[in-house]
Structure formats: C-alpha cells, structure tokens
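In what follows, chains are A, B, ... by sequence order, proteins preceding strands, each numbered from 1.
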Protein chains: 2
Amino acid sequence: MNEKIATIEDVAHHAGVSIATVSRALHKPNVVSETTREKVQTAIAATGYTANVMARNLRLNRSGMILLLVPDIGNPFFSAILSGIEKGASQAGYNVLIGDTQNDPDREATYAAYLRSNQADAMILLNGRLPAPLANAPANATPPVVIACERIPGCALPTVIIDNDEASFIATRHLSDLGHTRIAHVSGPSDNILTTDRVAGYLRALKTAGIQHDPALIYRGDFSIDSGIAAGRALLADPKTRPTAVFCASDGMAIGVIVAAKEYGLRIPQDLSVVGFDDIPHAAAYDPPITTVRQPRRRLGEQAITLLLERLGAKPPFEKNDKGPVIVPTELIVRQSSGPCPKA
Amino acid sequence: MNEKIATIEDVAHHAGVSIATVSRALHKPNVVSETTREKVQTAIAATGYTANVMARNLRLNRSGMILLLVPDIGNPFFSAILSGIEKGASQAGYNVLIGDTQNDPDREATYAAYLRSNQADAMILLNGRLPAPLANAPANATPPVVIACERIPGCALPTVIIDNDEASFIATRHLSDLGHTRIAHVSGPSDNILTTDRVAGYLRALKTAGIQHDPALIYRGDFSIDSGIAAGRALLADPKTRPTAVFCASDGMAIGVIVAAKEYGLRIPQDLSVVGFDDIPHAAAYDPPITTVRQPRRRLGEQAITLLLERLGAKPPFEKNDKGPVIVPTELIVRQSSGPCPKA
DNA sequence: ATTCAAAATGAAAACGTTTACACAAGGCAA
DNA sequence: TTGCCTTGTGTAAACGTTTTCATTTTGAAT
C-alpha cells in the first residue's frame with residue numbers, strides 16, 4: 001500500500017513487460033498478444049494505475065479541453081446552452097473549461113491565449129466579441145473556434161445563431177395582428193448585435209403593418225428585470241402617450257414591464273399586451289403567463305459543439321448541419337400576456 | 001513568420017542564452033542579471049513565445065485545475081455559486097473545470113478519477129454525495145476536496161453550508177407568528193439531506209408554536225415549478241382541509257403553489273400565505289413578490305473556494321473563516337406573499 | 001533443418017518545461 | 001599571488017507518456 005501513485009513503469013514492472021507494451025495494451029489492444037494483454041490488465045488492477053493525463057497530453061500535443069467563453073456565468077440564460085455543449089463535448093471525450101470573461105476584453109485575451117499555450121484545443125465564443133489575439137491571427141489558417149449566440153459581423157468563423165431579426169419581426173407582427181398600433185420595444189444594450197438585429201426586425205414589422213414608427217417608443221434596457229421595470233415606468237408614465245403593447249428583448253425585461261404596469265394599475269393583457277424573448281422557465285409560470293419567443297438554448301449549444309467537433313475532425317454527436325451560419329429555429333409561444341388592442 | 005509555435009528553446013536561441021536561463025528569467029527574475037533579463041524579454045517578444053502549460057504542469061506535477069462537481073449545470077440555482085468559485089479560483093491562478101454529473105454516480109466516479117490522473121488538483125462537490133473513489137480513500141490523508149451546499153453526514157471533509165434547519169425554522173415561525181396554524185410544507189426529494197434538514201426545522205417550529213403536526217400537510221416535490229403546481233393542487237383541492245399557509249423548500253415550488261392557488265381562485269396573501277426558499281432573482285418580481293429565505297449563493301461559492309485554497313496552501317482571496325463546517329448566514333426576506341391568517 | 005514473413009516486444013527518443021548541480025567569472029580579504 | 005565566497009549561467013536529468021525503429025520470437029512453408 002504505497003502512497004505513491006502508480007505510473008506506467010510500475011505497471012510494466014509488475015507485469016514483467018516494457019512500458020511500451022503497457023501503453024500499446026491500452027491504446028492498440030489488437031497489436032499485443034492475448035496473454036500479455038491479460039498480464040497487463042491484472043498489473044493495472046493490482047497497482048491501481050491511472051494514466052497521467054498531463055503526460056499523455058504533452059506527448060500528443062493536445063489538451064482535451066474545449067474553452068467556453070461566457071460573458072457572465074452567473075446569468076442563468078447561459079445554463080442550458082452550457083448544458084448542451086457539455087453533453088456533446090463529453091461524449092467526444094473532451095472537457096469543457098468555462099471562462100467567465102465578465103465582458104472584460106483583458107480577460108477575453110487571457111483566455112484566448114489558452115489556445116496558444118496548449119491549455120485548450122478549441123474555443124466556443126458566447127460573448128459576441130472576437131478576443132484580440134484572434135482578431136490579429138493570420139487569415140490563412142482559421143483557428144478552431146466557433147461562435148454561438150451572437151454573430152460577429154465580418155467574421156468568417158463558423159457560427160450558430162437564431163434569426164433575431166425574423167424572430168423579432170414575428171413577435172411584433174403578432175402584436176400588430178392583434179390590432180395594436182402603438183407598440184413599444186424594450187431593447188438591449190446598444191453595442192450588442194442582438195439589439196441591432198431585434199430592433200431591425202421590430203421596425204420591419206411596423207413598416208410591413210403600415211405603422212408609423214415613433215422613436216420615443218424604443219427604450220434601451222440591459223436584459224435585466226430591473227431595467228424592465230425602469231422601461232415600464234418610463235414608457236407607461238403618461239396615459240396620453242402610453243403604448244398598448246410592449247415587445248421586450250428578454251423575458252426578464254418583460255416581467256419588469258409587467259411589474260411597472262401593475263404599479264400603474266394596468267391589467268395584462270386587457271390594458272397592455274407584453275411580449276418577451278427567450279422563453280425562460282419562469283415565463284410560463286408568471287402571472288399572467290408570458291407570450292414570448294422561445295430560444296432553443298440547449299439546441300444552440302448542441303449545434304455549437306457539433307460545429308466545433310466537425311472542425312476538430314472528431315465525429316459530432318448530434319446531427320450535422322449544412323454549411324454557412326447555422327440558424328436554429330425559434331418559435332413564438334403565445335400565452336396570456338398578449339391580447340387584442342383595447343378600444344380607445 | 002513561421003507557423004510553428006515558439007518554444008522556450010527558440011527563445012533561448014534567439015537571446016543567445018540557455019533554456020534554463022530563460023526559465024529563470026521568467027520565474028525567478030532576481031536570480032538572473034539585469035542585462036540577460038532584458039535580452040530574454042526582447043527574445044520573447046520577438047518570437048511570440050507562450051509557455052506550454054502542459055509541459056510545465058507535467059514537470060511541476062500539478063494541473064492548475066479545480067474540478068467542480070455539479071448535479072446539473074442547466075439549473076440556474078448553481079450559477080451564482082459557480083460565479084463566486086470561479087472568481088476566487090482565477091484570482092489564485094486556478095482554472096475551474098465544471099463536471100456536470102447529472103446525478104449519475106458513474107459520471108461522479110469518472111470525474112473523481114481526474115484527481116488521481118492529475119487532471120485536477122482539487123475538487124469541490126456541489127452534489128451532496130461522495131464519489132465512490134473518494135469514499136474508499138485511505139483515511140490518513142484527506143484529499144483536497146471541499147463540500148458545498150449539501151453537507152454529507154459522517155464526512156469529515158471541509159464543508160460550507162447554510163443552516164437549513166434554522167432557516168426553515170425561522171420561515172415557519174414567521175408564518176405561525178402571523179397566526180397561521182395549518183401550515184403546509186412542500187419539501188424536496190426524500191433522499192436529499194436538504195429535505196431532511198428543512199423538514200426538521202419546519203417540525204421544530206410547529207412544535208415550538210404548540211401546533212399539532214398533520215402529516216398530510218407535507219408534500220414531496222423536487223424543487224421545480226411543476227412539482228410546486230402539483231403540490232398546490234394536491235394541498236389546496238379540498239377547502240375543508242386546506243392549509244392557510246405553505247412553506248416551500250424552493251422559490252420555484254412556491255411559484256408553482258401560487259399558480260395552483262390562483263386556479264382555485266385563492267388570493268395571495270389574503271387567502272393563502274406562501275413562503276419560498278433561495279431568493280432567486282424572480283422571487284422579488286413575482287406577483288405578489290414572494291417572501292423567502294435568502295441563500296447567499298455567491299458567498300457560498302466564495303467560502304467554498306476559500307476553504308479549498310487554504311487546503312491547497314494558496315492564499316485565499318476572501319476573508320478566512322474559523323474551523324469546522326462553515327455556515328453562511330441566511331436571511332428571511334419578507335415580501336407580500338405572506339400575511340395574517342384569514343379569520344375562519 | 002532452413003528460411004522467411006509476420007507478429008510481438010523492447011530500447012530509446014521525443015514532447016517542453018523546471019531545477020539540482022556543476023562550473024566560470026569576478027570581487028575581496030588574506 | 002592564493003583562496004574563497006558571490007553571482008550568473010549552462011548542462012543534464014527528470015516529469016510520464018506515446019511511438020519509431022530495431023530486434024526477437026513465432027510459426028508456417030520450403
């Protein structure tokens with residue numbers, strides 16, 4: 001019962017063979033004879049040997065790690081995406097290392113350096129920004145990187161996204177179809193590509209419906225409940241200019257708007273229709289249950305890891321998809337927070 | 001512009017020194033002369049050298065990884081804990097590798113083997129169960145493992161938890177103080193130590209208040225919204241036996257109970273008081289805002305990583321705590337989902 | 001028996017570091 | 001001058017694997 005951890009040499013010694021044979025017995029069983037294979041197996045059992053992964057990785061010049069860059073791991077929105085990625089990666093024998101960048105470019109750069117220093121074999125970006133070291137990389141050899149969630153304009157790397165413009169269009173059209181003409185939009189931070197796309201879809205739907213766009217009806221939030229409350233208070237304060245419907249770029253903000261609406265004594269959806277985005281679990285259990293755009297988050301993660309594994313030459317665990325940016329479909333889930341426009 | 005990644009040897013060559021000197025210039029700057037140090041620095045800049053972390057780790061026999069075992073990474077409850085751990089770990093130069101066990105003992109064992117195979121230096125358990133390889137470990141040398149969230153009875157490893165019994169006691173007492181005598185409890189899965197502790201606190205509070213315990217008023221859920229809805233339907237169906245207050249072991253279940261209560265036309269809190277557990281962000285924005293026990297989740301993560309870094313001999317980034325299981329304080333947040341017992 | 005291909009094995013190099021040890025140069029006291 | 005400590009540097013071993021290449025063993029065909 002020696003405390004020292006057994007190495008391949010201990011196994012070799014114990015089995016009376018060379019370390020090369022032990023290694024082969026493990027990784028190329030067909031090339032080693034039946035009898036020695038058994039000897040090695042018993043020796044492994046006897047010594048309690050576990051391969052030192054670091055030594056192997058050094059030799060093979062790989063790390064078995066996939067680095068996942070997330071702006072904020074504390075944000076539950078990413079949980080399901082994460083889960084999908086982790087599932088696929090672990091099936092392919094990879095581990096997922098999560099890098100919480102906190103939207104700090106320095107931290108992004110630090111993590112991106114993991115690729116160079118062999119700490120990670122590949123990377124998935126959930127943060128919608130190309131880390132500096134990558135942006136400067138030579139164009140001839142594309143790094144093993146996949147972008148998910150937010151497309152990066154002008155970046156040729158494999159990408160998996162939802163069609164934010166279209167999803168936003170459909171959600172807004174749902175409201176105009178209900179007869180609403182004063183439809184507000186609570187968007188995300190202005191430097192966010194999601195915001196741009198969703199605002200575009202919103203405006204397109206207004207135009208299609210022949211509704212004149214009122215710039216005062218767009219409020220910039222940050223996806224949080226609190227910013228939704230602020231948006232609601234701002235948009236609903238004046239009964240004269242008050243919209244009859246609000247389309248929010250996140251469910252959290254939709255909840256916030258409803259909280260604010262109740263402060264003003266407005267009933268949902270009789271006095272005000274509210275539509276969210278994401279379909280987080282709480283959207284269905286809210287009072288009233290929230291009409292929202294469902295984002296297939298786990299699916300998004302699965303597609304991202306699939307793209308990456310393809311790129312790495314491993315066999316992807318999920319169904320493959322065509323070339324070009326992969327677009328996972330969204331779905332408008334109509335619940336009780338949206339209804340016909342009240343008579344004036 | 002050679003595509004090959006620069007090694008320490010390239011740097012040494014470029015600077016006209018030995019690789020040993022380069023290594024020393026990086027890690028023991030005071031032992032190398034000013035002039036060579038500069039030569040090395042320029043050589044590093046010229047070659048774009050980044051140390052191969054795997055080679056270093058092999059040599060140093062460490063991995064720089066802290067393995068975090070989570071039952072389900074898709075569950076947002078863990079997000080904030082995660083965030084606290086990640087912050088502390090990265091400050092101490094460690095990376096956090098998240099292992100999603102999906103409550104599968106096999107996966108737990110697989111991940112626990114990372115410790116042996118040098119893929120991880122230490123481990124934090126969020127899943128309330130000791131992986132098999134650890135349970136069989138020799139008692140003399142305790143592995144670098146910290147347990148968080150759920151205590152493991154009879155396990156001497158460093159642990160950081162909340163006082164579930166006491167928190168539950170206080171929440172229940174809050175209801176009895178409001179005059180309620182028929183107080184139901186929606187608990188978690190029965191094999192969960194959290195459940196045991198919270199039920200105990202609930203019963204203790206009833207006893208203290210001189211309330212006769214009715215076993216029919218305990219419902220087993222699984223912390224999810226859906227199980228809360230089921231609990232609410234079961235407990236509230238019969239107006240004759242209906243409780244006037246429900247204490248739930250999670251906010252999700254509290255929301256579920258409220259959803260069910262509204263189905264029966266019950267007003268919260270006039271007809272029914274509901275108290276939750278965790279204080280997730282949505283609890284405050286629900287209608288009505290939910291009275292709940294706040295779990296300092298980020299704090300919990302911080303304490304866990306602190307304990308672990310202490311164990312590893314690194315200097316902990318957060319304030320140290322005394323010996324014994326660390327107990328992070330909870331707080332009863334009284335909002336509008338709980339009120340006086342209605343007159344009969 | 002002899003020969004030869006096939007099969008199985010071992011010796012040793014390589015992966016890129018860190019560090020113990022040896023050594024050279026320089027300064028200072030005798 | 002000699003000796004000796006100090007300071008800086010280089011040489012080479014070590015970390016635990018995988019894999020190339022050479023060598024041995026096997027077994028069948030002559």
Side-chain angles (χ1 to χ4, degrees), chain A residues 2 4-41 43-44 47-65 93 113-121, chain B residues 2 4-41 43-44 47-65 93 113-121:
Chain A
N2 198 339
K4 188 112 179 51
I5 273 189
T7 76
I8 198 174
E9 193 168 359
D10 301 329
V11 177
H13 211 250
H14 194 280
V17 298
S18 76
I19 60 170
T21 302
V22 175
S23 177
R24 277 187 292 248
L26 288 172
H27 303 293
K28 314 193 163 133
N30 49 323
V31 88
V32 63
S33 82
E34 176 73 24
T35 60
T36 41
R37 215 162 37 199
E38 281 168 4
K39 274 192 296 183
V40 168
Q41 285 304 340
I44 287 180
T47 54
Y49 168 72
T50 326
N52 182 323
V53 177
M54 227 138 40
R56 159 186 299 154
N57 286 347
L58 172 59
R59 179 59 227 253
L60 298 180
N61 194 35
R62 53 159 261 161
S63 66
M65 287 283 173
Y114 281 28
L115 278 186
R116 283 188 65 76
S117 59
N118 284 44
Q119 274 196 94
D121 298 337
Chain B
N2 199 338
K4 189 108 178 55
I5 273 189
T7 77
I8 197 173
E9 194 169 359
D10 300 328
V11 176
H13 211 251
H14 194 280
V17 298
S18 76
I19 60 170
T21 302
V22 174
S23 178
R24 276 187 292 249
L26 287 172
H27 303 293
K28 312 193 166 137
N30 49 322
V31 87
V32 64
S33 82
E34 177 75 22
T35 60
T36 41
R37 215 162 39 198
E38 280 168 3
K39 274 192 296 184
V40 169
Q41 285 304 338
I44 287 180
T47 54
Y49 168 73
T50 325
N52 182 324
V53 178
M54 228 139 40
R56 158 187 298 154
N57 286 347
L58 171 59
R59 178 60 228 254
L60 298 181
N61 195 36
R62 53 160 259 161
S63 66
M65 288 283 173
Y114 281 27
L115 278 186
R116 282 188 66 77
S117 59
N118 284 46
Q119 274 197 93
D121 297 338

Under a 4.0 Å heavy-atom criterion, the protein footprint on nucleotides 6-12 of chain D, written with B, S and -, is --SBBB-

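- Atom pair B:I44:CD1 and C:dT17:C1' shows a separation of 13 Å (rounding to whole Å applied).
- In this structure, A:I8 places its CD1 atom 11 Å from P of D:dT19, rounding to the nearest Å.
- Look at CG on A:N52: it is 13 Å from C1' on D:dA14, rounded to the nearest Å.
- Here the C1' atom of nucleotide C:dC15 and the CZ atom of B:R56 are 16 Å apart, to the nearest Å.
- Summarising the geometry, atom CE belonging to B:M54 is positioned 5.0 Å from atom CG belonging to A:N57; distances are rounded to the nearest 0.5 Å.
- When distances are taken from the side chain of A:K28 to each of D:dG16, D:dT19, C:dT19, the shortest belongs to D:dT19.
- When the nucleotides C:dC15, C:dT17, D:dT19 are ranked by their closest atom to the side chain of B:A51, C:dT17 comes out on top.
- Here the CD1-CD1 distance, from B:I19 to B:I8, works out to 6.0 Å after rounding to the nearest 0.5 Å.
- For the pair B:N52/B:T7, no side-chain contact is recorded, criterion being any heavy-atom separation below 4.5 Å from C-beta on.
- Backbone-only contact: B:L60 has heavy atoms under 4.0 Å from sugar-phosphate atoms and none from a base.
- Applying the salt bridge (Lys or Arg N to Asp or Glu O under 4.0 Å) criterion to A:R37, with sequence neighbours excluded, gives A:E34.
- A:H27 places its NE2 atom 16 Å from the P atom of D:dG16, with the value rounded to the nearest Å.
- Summarising the geometry, the separation between CG on B:D10 and C1' on C:dC15 is reported as 14 Å, rounded to the nearest angstrom.
- Atom-to-atom, CG of A:L58 to P of D:dT19 comes out at 13 Å; the value is rounded to the nearest Å.
- Applying the side chain to side chain donor-acceptor pair (under 3.5 Å) criterion to A:S33, with sequence neighbours excluded, gives A:T35, A:T36.
- Within the nucleic acid shown, B:N61 has no heavy atom closer than 4.0 Å to any nucleic acid atom.
- Rounding to the nearest 0.5 angstrom, the gap separating the OG1 atom in A:T47 from the CD1 atom in A:I5 is 11.0 Å.
- Residues A:V17 and A:V32 form no side-chain contact, since every pair of their non-hydrogen atoms from C-beta on lies 4.5 Å or further apart.
- Among the heavy atoms of the strands lying under 4.0 Å from B:S23 is at least one base atom, whether or not backbone atoms are also near.
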